[in-house]
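What you see below is based on every heavy atom in this structure, not just the backbone, and it leaves out hydrogens, waters and symmetry mates. First the proteins, then the strands, lettered A, B, ... as listed; each starts at 1.
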Number of protein chains: 2
Amino acid sequence: MPVKPPRPPSPPLNALRAFEAAARLGGFTRAADELCVTPGAVAQQVKQLEAWAGEPLFERRAHGVVLTPVGKTVGPLLETAFDALGDAVSALRQAATPQRIHIAASPAVAQLWLSPRLPELRQAYPALELSLTAMEHPPNLEREQFDIALFMVPEGAPHQIATDVVRPACSPQLAENLRKPHDLLNVPCLADSVWVGDWDLWLAQNAADLTGRLRGPSYSLYALAVQEAVNGGGVLMGHECLIAPLVEAGRLVYPFPSLVATGLALSLSTRQPAVGPLAQLMDHLSSESGF
Amino acid sequence: MPVKPPRPPSPPLNALRAFEAAARLGGFTRAADELCVTPGAVAQQVKQLEAWAGEPLFERRAHGVVLTPVGKTVGPLLETAFDALGDAVSALRQAATPQRIHIAASPAVAQLWLSPRLPELRQAYPALELSLTAMEHPPNLEREQFDIALFMVPEGAPHQIATDVVRPACSPQLAENLRKPHDLLNVPCLADSVWVGDWDLWLAQNAADLTGRLRGPSYSLYALAVQEAVNGGGVLMGHECLIAPLVEAGRLVYPFPSLVATGLALSLSTRQPAVGPLAQLMDHLSSESGF
DNA sequence: AGATAGACTCAGTTTTTCTATGCCTAGTTT
DNA sequence: AAACTAGGCATAGAAAAACTGAGTCTATCT
């Protein structure tokens, strides 16, 4: 009859969070990514929670983990709880510093779409403190401290700003050598390492026999490829909504008329109730489809 | 336009918990008590959260703290969130180790009421691993890892096992010298440092003029006072439901017939849905009013 | 005026958490 | 079949966070 040991301990909150993320995302690596730590850290936290519970919560497989029955029971409950916590934190931020707005965007969108519009935004809302973070994948707005996410996502999301269509684009000089799709074999075709399928997509509709036969450098950032195209370094698979300003300015031209939809759309998302300055900003950005 | 700084950080979970407890309980000291840390630790956590939010959440006063408007907004949200978290944790414990039951009880109840009943309980439910923690104040079952709390609380709570009535009690030998209340002036009157008002309460109904005139040692644990009374060391203000076994065994007697209700009741509480072994145990204990 | 309750600060220590590294396993590709 | 890859595991050391303890401070209460 142990009367002494002070109290039965609560499980560490961080371990619960790590488990919740791993359960929701289905893997330690993805959880680690969301929590901005290494997968090893998540593994340790989960192990700690399992030690506390006295039961394994995940079954370890070679390619990822699967929830045990106990884990399956608890996962959704924790998810709800952390959602509530996220709401509370968000309310705190909203109440304490409503003028501080964090925007997340993919690197390409941040540099090509948003960056040119920022000066105007700052002028329209001088009271706001806008900060912008570039990241590959859309953050989970329930969990991460962003107010707005601006990403290319599969069509159908609310607040769609523009559907994504692609077509080759290059500098005016280079365009003179391009009469028909087969001329692409003679120039560098710039590829982006994120949107790798773009060329194949367009070729499938326009010159299927060229698939896989184009050559050219690839870039880790789409904006770099765009820069290269502007400099006449090659033909880019252009996402219309991103390079529109450069086309209007005449620095890029479209050598071929055919455009192909990627099935994605540039879309704006936020937490459910956008109020105050955030709501204004959302409206402003939504209406901003043209330039 | 800061694009670099990895991500806007989430507030530390522990700071949120500390704030939530402080907001709910209305003070750092009480929060510290619930969290099993020192008040200084809570103060630091809260300060950390305030630093994160960029706004004070509490207004510091000489006698405790009061929530600022922002704090008032966020407090209830966090409370809800941590309630949900508590539910999830509780479900985890229930799912992982249903046979492990933690009981919290006040020291007096633990030693005098529960302890004698434990052997029988263990025999009735051999599969259960019962552990018992003694504490002064009832724990918050939503937050602390107890399955059952057994305390003297103001009457009206559900699962009341016995209403609390007091009357003097002493060893049979000592009782021979006690014919009328005024004889109490000639013997040590044992007092408990927790239930300090007991004597006054009884005297008020039976010999108001003696109030404050009785003398005798006081004990930090009621069970010590009981032991002393059994040994003939003085007259105890006896809580009937706690000393009943000793009275039945003839080791204590009641020298005066008058009994007074304290307005408290021994009651059993648990989290909402008691299921499985826990529910059985609850039933067993509830029905256990007599001995 | 003195006592008190409650919160604050700060330094030092303890505890927790994270990273870095290398290893292991089981699908997938060649 | 062999090599490759994705994802998890374990460990040690390093970094960060949390906690304690002691001494202060300041409005209320007596």
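Near DNA chain D, meaning a heavy atom under 4.0 Å from it, residues 22-35 of chain B has no residue at all.
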Worksheet entry | Trace of the side chain to side chain contact (heavy atoms under 4.5 Å, CB included) decision for A:V109 with A:L242 | CA-CA 7 Å; A:V109 173; A:L242 298 181; 4.3 Å; yes
Item to complete: Take A:W195 and A:L201, measure what side chain to side chain contact (heavy atoms under 4.5 Å, CB included) needs, and give me the verdict at the end.
Response: CA-CA 10 Å; A:W195 287 315; A:L201 195 68; over 6 Å; no
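Atom CG of B:L13 and atom C1' of C:dT16 are 14 Å apart (whole Å). To the nearest angstrom, C1' of C:dT16 lies 18 Å from CH2 of A:W52.
Using a 4.0 Å cut-off, no side-chain N or O of B:K47 falls inside it from OP1 or OP2 of C:dA7. One finds no side-chain N or O of B:T38 lying less than 4.0 angstrom from the OP1 or OP2 phosphate oxygen of D:dC19. The side chain of A:Q48 contributes no N or O atom lying less than 4.0 Å from OP1 or OP2 of C:dT16. In this structure, A:N14 does not reach the C:dT16 phosphate: none of its side-chain N or O atoms is under 4.0 Å from OP1 or OP2. Regarding contacts with the backbone of D:dG7, every side-chain N or O of A:R60 stays at 4.0 angstrom or more from both OP1 and OP2.
The residue from A:T262, A:D192, A:D198 that alone fulfils the side-chain hydrogen bond (donor to acceptor under 3.5 Å, both in side chains) condition with A:H239 is A:D198.
With rounding to the nearest 0.5 angstrom, the CG atom of A:L25 is 9.0 Å from the CG atom of A:D33. Here the CD-CZ distance, from B:E50 to B:F58, works out to 8.0 Å after rounding to the nearest 0.5 Å. How far CD of A:E20 is from CG of B:L85: 9.5 Å, rounded to the nearest 0.5 Å.
Using a 4.0 Å heavy-atom cutoff across all strands shown, B:A43 reaches sugar-phosphate atoms only and no base atom. Counting any heavy atom pair closer than 4.0 Å across all strands shown, B:Q44 reaches a base atom.
Shortest non-hydrogen contact noted between A:F151 and A:P139 is CE1-CD, 3.6 Å.
At least one donor-acceptor pair closer than 3.5 Å links the side chain of A:T270 to the backbone N or O of A:D147.
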Worksheet, complete the sentence: Whether each nucleotide of nucleotides 24-30 of chain D has a protein heavy atom under 4.0 Å at its base (B), only at its sugar-phosphate (S) or at neither (-) is summarised, 5' to 3', as --BB---
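For A:H137, the NE2 atom is loosely surrounded, since the number of other residues' heavy atoms within 6.0 Å does not exceed 12.
Which of D:dC9, C:dT19, D:dA18 sits closest to the side chain of B:Q45 comes down to D:dA18. Checked against C:dA7, D:dT20, C:dT19, the side chain of B:V37 finds its nearest nucleotide in D:dT20.
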